[in-house]
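Take a look at the structure below.
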Amino acid sequence: MDERGKGKKRLIVVSNRLPVVISKDGEEWTIEPGSGGLVTALAPVMKRNRGLWIGWPGSGGEVPFDALFERFGRERGYGLRGVSITDDEVEKYYQGFSNETLWPLFHDLLGHCSFNRENWLTYRQVNRHFAEAVAAAATSEDLIWIHDYQLILTGEHLKEMGVHQPLAFFLHIPFPSLDLFRRLPWKQEIIRGMMSYDHIGFQTLRDRRNFVGCVTALLPEVEVISRQRQFTILRYGERTVRAGHFAISIDYAEFNEAARSREVAEAAWYLHENLEGKKLVLGIDRLDYTKGIPERFLGFERALEKYPDLRRRISLLQVVVPSRTLVPEYQILKETLDQTAGRINARFSEPGWVPILYVFRSLDRTQLLAHYRTSEIALITPLRDGMNLVAKEYCASAVDLNNVLILSEFAGAADRMGSDALLVNPYDVEGMADAVWRAFNMPAQERRGRMERLQADLRRNDVHHWVQRFLGTMFEEGLR
Ligand code: GDG
């Protein structure tokens with residue numbers, strides 16, 4: 001009997017980045033779990049199962065990773081293992097194939113795609129490095145769960161290496177339609193790579209259907225055995241593959257409680273202090289062309305043009321968190337945002353009122369929650385998004401039940417939130433302007449009713465529920 005107890009399985013989670021923040025305080029190195037929802041949700045399960053998380057720790061020649069990981073394991077109850085990647089590999093596998101090919105293609109933005117063979121070959125090679133790290137660590141008792149588009153081929157490499165235990169995969173971003181997916185020169189390799197997993201999770205039913213459409217068109221030997229509410233079951237040679245959809249969520253209780261704290265209430269008060277009598281419309285996004293920020297600026301401009309009553313009474317507070325700034329596309333986007341915000345502000349500003357308050361940096365957690373809590377309206381308009389956690393966090397933090405969510409119909413989050421958010425098409429400037437006007441004028445009772453229903457759904461369907469559902473349905477047995 002091993003130390004984890006007979007019949008009980010260990011969970012191995014694999015993601016491109018390890019979910020930790022490593023920093024140096026004077027001479028002392030520190031390591032903390034990251035603040036993302038995934039790590040918060042998985043930490044208790046990982047701890048109970050003495051799990052292992054495998055990923056790239058980020059570059060940093062002088063960082064004493066071994067000692068830090070050892071300390072982390074002792075303090076947090078689950079292990080970390082780093083996969084090293086050279087700078088050249090990071091450029092071709094991560095910035096190149098992952099972020100300049102798969103990311104735009106899977107978000108329906110073919111015009112942003114570049115198709116480069118060198119990047120593709122490096123993607124395959126780095127996926128093999130990940131598989132080697134997993135194979136070296138895994139025993140036949142382990143459950144292996146691989147995450148996201150950077151690691152689609154890791155499962156296939158694992159199978160080639162003789163790792164036979166069930167492999168699960170979750171795709172955090174959308175899966176495109178066959179029409180788009182066919183454009184990928186390596187479509188066969190990618191779809192076959194996905195079919196080497198035994199359990200595949202998507203964010204929405206649409207993603208799952210797109211995937212099944214691609215598989216059955218591109219791999220004629222695949223047979224659909226059954227379509228159930230939760231799953232499509234596929235036969236692929238001797239193997240059975242289950243594809244399901246599981247909308248990721250947030251730690252609702254944690255957000256709601258933190259948003260009620262005195263610290264957040266004070267920060268929220270300061271934010272509104274200089275905006276007396278004005279309503280705030282909030283946008284918070286990573287710098288990314290999928291998030292539809294320039295389109296949002298145009299929608300907001302149209303609202304000011306079409307509804308002059310909004311002038312001086314409303315400001316768009318747009319926070320853009322720097323991201324992937326080495327990818328040229330992202331540098332161009334940054335310039336577009338600077339110019340568009342500048343132009344709109346030059347057009348409409350008046351003494352004592354600036355229409356777009358535009359911040360290019362990340363906020364600490366207190367500030368993030370204060371922004372959520374105090375903004376009467378959130379304008380979240382991605383062109384396409386796997387889920388969009390900002391929309392969920394905004395609602396969880398709306399402790400005064402006084403807030404309105406305007407949400408893109410192309411975010412995965414719209415599936416469940418669509419009936420109580422105001423849904424918009426981010427390409428429809430007029431529609432966005434009308435939604436801002438409607439949200440601005442929405443009676444207090446309606447705002448409260450919509451927010452209560454949104455919160456009730458999030459409370460039930462939080463990230464802990466997501467983890468349990470995924471692991472429970474995918475592995476059915478074995479986890480403590
Ligand atoms: C991918 C998929 C899917 C944002 N600004 C600040 C900050 N954030 C945090 C938010 C939120 C996270 O970043 C962003 O999550 P999203 O879900 O909106 O977007 P992606 O990063 O694109 O994530 C997405 C997700 O995976 C999960 O499956 O929903 O569709 O693209 O948690 O809170 N955090 C802090 N300061 C900020 O300024 N501290």
Side-chain angles (χ1 to χ4, degrees), residues 271-272 274-285 287-320 333 336-360 371-385 388 390-391 394-395 398 402-411 413-414 417-444 446-447 450-451 454:
L271 265 174
H272 245 111
N274 297 324
L275 298 163
E276 212 179 316
K278 297 188 180 67
K279 285 191 177 170
L280 271 183
V281 180
L282 179 68
I284 295 194
D285 311 82
L287 177 69
D288 201 296
Y289 48 81
T290 62
K291 301 290 180 186
I293 313 169
E295 291 79 359
R296 182 179 314 160
F297 283 179
L298 298 183
F300 188 71
E301 178 181 30
R302 180 68 187 133
L304 298 177
E305 204 174 60
K306 187 170 176 184
Y307 302 105
D309 277 358
L310 289 176
R311 297 181 200 168
R312 293 172 306 280
R313 296 170 69 197
I314 195 167
S315 285
L316 172 61
L317 172 51
Q318 176 64 54
V319 179
V320 177
L333 173 62
T336 307
L337 292 180
D338 293 352
Q339 282 167 11
T340 315
R343 183 182 62 69
I344 297 171
N345 281 342
R347 179 173 172 200
F348 288 102
S349 286
E350 292 177 23
W353 175 60
V354 180
I356 301 184
L357 307 161
Y358 166 44
V359 180
F360 186 67
H371 279 66
Y372 286 150
R373 178 174 165 164
T374 203
S375 302
E376 287 85 355
I377 301 169
L379 188 53
I380 302 178
T381 56
L383 305 180
R384 192 93 191 82
D385 215 329
N388 195 296
V390 170
Y394 173 72
C395 294
N402 192 29
N403 317 45
V404 185
L405 172 64
I406 304 177
L407 179 62
S408 162
E409 59 183 290
F410 306 121
M417 304 179 95
S419 40
D420 287 301
L422 301 184
L423 285 193
V424 291
N425 170 355
Y427 297 99
D428 175 10
V429 172
E430 208 67 17
M432 276 199 282
D434 294 343
V436 169
W437 176 244
R438 187 170 165 209
F440 184 83
N441 291 303
M442 190 181 283
E446 185 180 347
R447 290 199 295 266
R450 285 173 181 264
M451 200 44 80
L454 285 164

Is it true that a side-chain atom of [X] and a backbone atom of [Y] form a donor plus acceptor pair closer than 3.5 Å?
X      : Y      : answer
Arg450 : Asp420 : yes
Arg447 : Asn402 : yes
Asn345 : Val354 : no
Arg296 : Pro426 : no
Ser408 : Leu383 : no
Asn403 : Ser375 : yes

At their closest point, which heavy atom of [X] faces which heavy atom of [Y], and how far apart are they?
X      : Y      : value
Leu304 : Arg311 : O-NE, 2.8 Å
Pro355 : Phe348 : CG-CB, 3.6 Å
Phe410 : Pro382 : CB-O, 4.2 Å
Leu422 : Ala435 : CD1-O, 3.8 Å
Ile377 : Ala439 : CD1-CB, 3.7 Å
Asn425 : Met432 : O-CG, 4.1 Å

Working to the nearest 0.5 angstrom, can you tell me the gap between [X] [atom1] and [Y] [atom2]?
X      : Y      : atom1 : atom2 : result
Leu357 : Leu280 : CG    : CG    : 7.0 Å
Asp288 : Leu333 : CG    : CG    : 7.5 Å
Met417 : Ile380 : CE    : CD1   : 8.0 Å
Lys279 : His272 : NZ    : NE2   : 9.5 Å
Glu376 : Leu282 : CD    : CG    : 10.5 Å

So [Y] and [X], do their side chains get closer than 4.5 Å, heavy atoms only?
X      : Y      : answer
Ile344 : Leu316 : no
Leu287 : Phe360 : yes
Gln318 : Phe297 : yes
Lys306 : Asp434 : yes
Ile284 : Tyr394 : no
Val390 : Tyr372 : yes

(Q) Please identify which of these residues, Asp385, Thr381, Asp285, meets the side chain to side chain donor-acceptor pair (under 3.5 Å) condition with Lys291. (A)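 That would be Asp385.
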ask   = Is the closest basic N to carboxylate O distance between Glu305 and Arg347 below 4.0 Å?
value =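 The answer is yes: the pair qualifies as a salt bridge.
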Next on the checklist: For Val281 and Phe440: C-alpha separation, side-chain torsions, deciding distance, then whether side-chain contact (heavy atoms from CB on, under 4.5 Å) applies.
Outcome noted: CA-CA 9 Å; Val281 180; Phe440 184 83; over 6 Å; no
With sequence neighbours excluded, what pairs up with Arg343 under the side-chain hydrogen bond (donor to acceptor under 3.5 Å, both in side chains) test?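 For Arg343 the side-chain hydrogen bond (donor to acceptor under 3.5 Å, both in side chains) partners, ignoring immediate neighbours, are Glu301.
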* Asked: Which residues satisfy the ring pair (Phe, Tyr, Trp, His ring centres under 6.0 Å) test with Tyr307, sequence neighbours excluded?
  ->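 With sequence neighbours excluded, Tyr307 shows a ring pair (Phe, Tyr, Trp, His ring centres under 6.0 Å) to Trp437, given in chain and number order.
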